[in-house]
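Inspection log for the structure reproduced underneath, given as structure tokens.
Atoms considered below: every heavy atom in the structure, side chains included; atoms not considered: hydrogens, waters and symmetry mates.
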Amino acid sequence: MGQIYCVANQKGGVGKTTTAISLASAFARSGRRTLLIDLDSQCNATGGLGIRSTRRHPLAEDCGIAESVVPAKVRNLDVLPGCPGFSSLEMIAARDREFLARMTHRFREGVAGYEAVLIDSPPSMGPITRAALAWSTEVIMPVQCEYFAMEGLVRMIDVLRRAKDGEGGTLASAGIVMTMYDSQLDLTREVDQQIRESKVFGNNVYKTVIPWDVTVSEAPSHGESIFEYAPRSRGARAYAELSMEVLEYV
């Protein structure tokens with residue numbers, strides 16, 4: 001089994017899904033057999049690669065991952081589509097440990113043949129996200145440079161510690177990536193410096209930052225990653241650099 005990356009942040013609008021799509025595409029373009037799993041009921045990771053969502057999520061059904069993946073336009077990249085009704089499973093997962101155990105079994109069995117797995121988790125810290133963290137070897141946390149960034153990170157770190165210490169968990173490390181980065185704004189520079197100099201987060205921040213780039217926002221509406229839509233853009237260069245930095249930790 002290869003590396004399993006959970007892209008997570010309980011706050012929406014920070015570039016979580018864009019980061020999941022971009023890194024999955026970058027890994028696949030580097031020749032690694034890659035799987036992108038959409039666990040967000042908004043299904044943006046699915047639609048962002050031009051794939052239709054599914055009526056029933058394979059991880060909640062008896063069908064296996066291998067029978068349910070859809071090849072993306074990018075060579076070496078498969079997608080396990082999201083399901084709009086997936087959020088309702090949070091309530092089931094919260095009260096039924098056997099349900100989560102079955103999901104875990106299907107996940108472990110289905111990802112065994114991939115060199116890299118990216119999980120786009122829901123923007124919450126519910127049981128599905130906590131399960132995804134426990135399945136993963138690394139969590140990648142996109143963070144926008146704003147005043148409430150530190151507060152959100154503190155809550156995330158607490159959840160990560162529990163996932164890391166939990167029984168059967170494989171989570172080994174975490175990385176923070178600064179997104180929608182505008183170096184001309186004082187606030188951006190201040191928050192970036194504050195996080196990098198923090199004793200709690202500093203050692204976990206990637207050197208690469210993802211700049212504010214309109215093409216990054218436009219690419220999903222065309223069903224493409226930034227590498228297909230605007231390969232020479234600042235966003236494409238940044239995500240290519242981030243993918244290499246992430247892979248250095250393997």
Side-chain donor or acceptor of Ser225 paired with backbone N/O of Ser25 under 3.5 Å: no
Please check if the side chain of Thr137 supplies one atom and the backbone of Ile4 the other of a donor-acceptor pair under 3.5 Å. yes
Does the Asn9 side chain pair with the main chain of Pro142, one donor and one acceptor, at a distance under 3.5 Å? yes
Would you compute the distance between atom CD1 of Ile226 and atom CZ of Arg237 and round it to the nearest 0.5 angstrom? 10.5 Å
Inspect the contact between Arg29 and Glu228 and indicate whether a charged nitrogen and a carboxylate oxygen are less than 4.0 angstrom apart. yes
The test is side chain to side chain contact (heavy atoms under 4.5 Å, CB included); show your working for Ile119 and Phe107 and say whether it passes. CA-CA 11 Å; Ile119 303 173; Phe107 175 86; 3.9 Å; yes
Ring center gap for Tyr239 and Phe227 short of 6.0 angstrom: no
Can any side-chain N or O of Arg102 pair as donor or acceptor with the backbone N or O of Ala60 at less than 3.5 Å? no
I'd like to know if the side chain of Arg196 reaches the main chain of Tyr206, judged simply by a donor and an acceptor atom lying under 3.5 Å from each other, with no hydrogens or angles considered. yes
Between Arg189 and Asp186, does any side-chain N to carboxylate O distance fall below 4.0 Å? yes
Do Leu153 and Met180 share a hydrophobic cluster, counting only Ile, Leu, Val, Met, Phe, Trp and Tyr and linking them when any side-chain heavy atoms are less than 4.5 Å apart? no
How long is the gap from CG on Leu247 to CD on Gln3, to the nearest 0.5 Å? 9.0 Å
Quick one, Cys145 and Leu187 - any side-chain contact, counting heavy atoms below 4.5 Å? no
Is the closest side-chain donor-acceptor distance between Asn76 and Thr34 under 3.5 Å? no
Go through it in stages, so that I can follow the logic: the residues are Glu248 and Lys207, the test is salt bridge (charged side-chain N to carboxylate O under 4.0 Å, His left out), and I'd like the CA-CA distance, side-chain angles, deciding distance and then a yes or no. CA-CA 12 Å; Glu248 285 180 4; Lys207 294 179 182 178; over 6 Å; no
Side-chain contact, heavy-atom cut-off 4.5 Å: Pro220 with Asn44? no
For a 4.5 angstrom cut-off between non-hydrogen side-chain atoms, does Ser53 reach Pro84? yes
Can you confirm whether His105 is buried at NE2, in the sense that more than 12 heavy atoms of other residues, nucleotides or ligands lie under 6.0 Å from that atom? no
Under 3.5 Å: donor-acceptor pair, side chain of Ser121, backbone of Val7: yes
Nearest atoms (heavy-atom pairs only) where Pro58 meets Pro81: CD-O, 4.4 Å
State, to 0.1 Å, how close Tyr229 and His222 come at their nearest heavy-atom pair, and which atoms those are. CE1-CD2, 3.3 Å
For Val139 and Ala8, which heavy atoms make the closest approach, and how far apart are they? CG2-CB, 4.1 Å
Can you see which heavy atom on Leu118 is nearest to which on Ala20, and at what distance? CG-O, 4.1 Å
Could you give the distance from CG (Leu133) to CD1 (Ile128), rounded to the nearest 0.5 Å? 11.5 Å
Apply side chain to side chain contact (heavy atoms under 4.5 Å, CB included) to residues Val177 and Ile210 and explain how you reach the verdict. CA-CA 8 Å; Val177 56; Ile210 308 302; 3.9 Å; yes
Same cluster for Met125 and Val14 if Ile/Leu/Val/Met/Phe/Trp/Tyr side chains link at under 4.5 Å? no
In Å and rounded to the nearest 0.5 Å, what is the CG to OG1 distance from Leu36 to Thr17? 9.0 Å
Check for me, please, whether Ile65 and Leu100 land in the same ILVMFWY cluster - side-chain distances under 4.5 Å, paths through other members count. yes
Any side-chain heavy atom of Pro123 sitting closer than 4.5 Å to one from Gln42? yes
Look at the side-chain heavy atoms of Ile, Leu, Val, Met, Phe, Trp and Tyr, link any pair under 4.5 Å apart, and say whether Met141 and Val191 land in one connected group. yes
Would you say the side-chain atoms of Gln144 and Thr179 include a donor-acceptor pair closer than 3.5 Å? no
Do side-chain atoms of Arg234 reach the backbone of Thr215 as a donor and acceptor pair under 3.5 angstrom? no
Is any side-chain heavy atom of Ser124 closer than 4.5 Å to one of Thr129? yes
Judged by modelled atom types alone, do Asp182 and Thr188 share a side-chain donor-acceptor pair under 3.5 Å? no
Do you know which two heavy atoms are closest between Asp78 and Pro71, and how far apart they sit? OD1-CA, 3.7 Å
Between Glu245 (side chain) and Thr208 (backbone), is there a donor-acceptor pair under 3.5 Å? yes
For the residue pair Glu138 and Cys6, establish whether any side-chain heavy-atom pair is separated by less than 4.5 Å. no
Point-to-point distance, once rounded to the nearest 0.5 Å, from OG1 of Thr46 to CG of Asp40: 9.0 Å
Are any of the side-chain heavy atoms of Ile37 and Val79 separated by less than 4.5 Å? no
Going by the angle between their ring planes, with limits at 30° and 60°, are Phe27 and Tyr5 parallel, tilted or perpendicular? tilted
What do the steps show when you test Val143 against Met156 for side chain to side chain contact (heavy atoms under 4.5 Å, CB included), and what is the final call? CA-CA 11 Å; Val143 174; Met156 279 290 296; over 6 Å; no
Spatial distance of atom CG (Leu39) from atom SG (Cys83) [nearest 0.5 Å]: 11.0 Å
For Glu218, is there any backbone N or O sitting under 3.5 Å from a side-chain donor or acceptor partner on Ser221? yes
Side chain to side chain contact (heavy atoms under 4.5 Å, CB included) between Tyr114 and Val69, intermediate numbers included: CA-CA 12 Å; Tyr114 290 93; Val69 296; 4.0 Å; yes
Say whether, by atom type as modelled, one donor and one acceptor occur between the side chain of Thr54 and the main chain of His57 under 3.5 angstrom. no
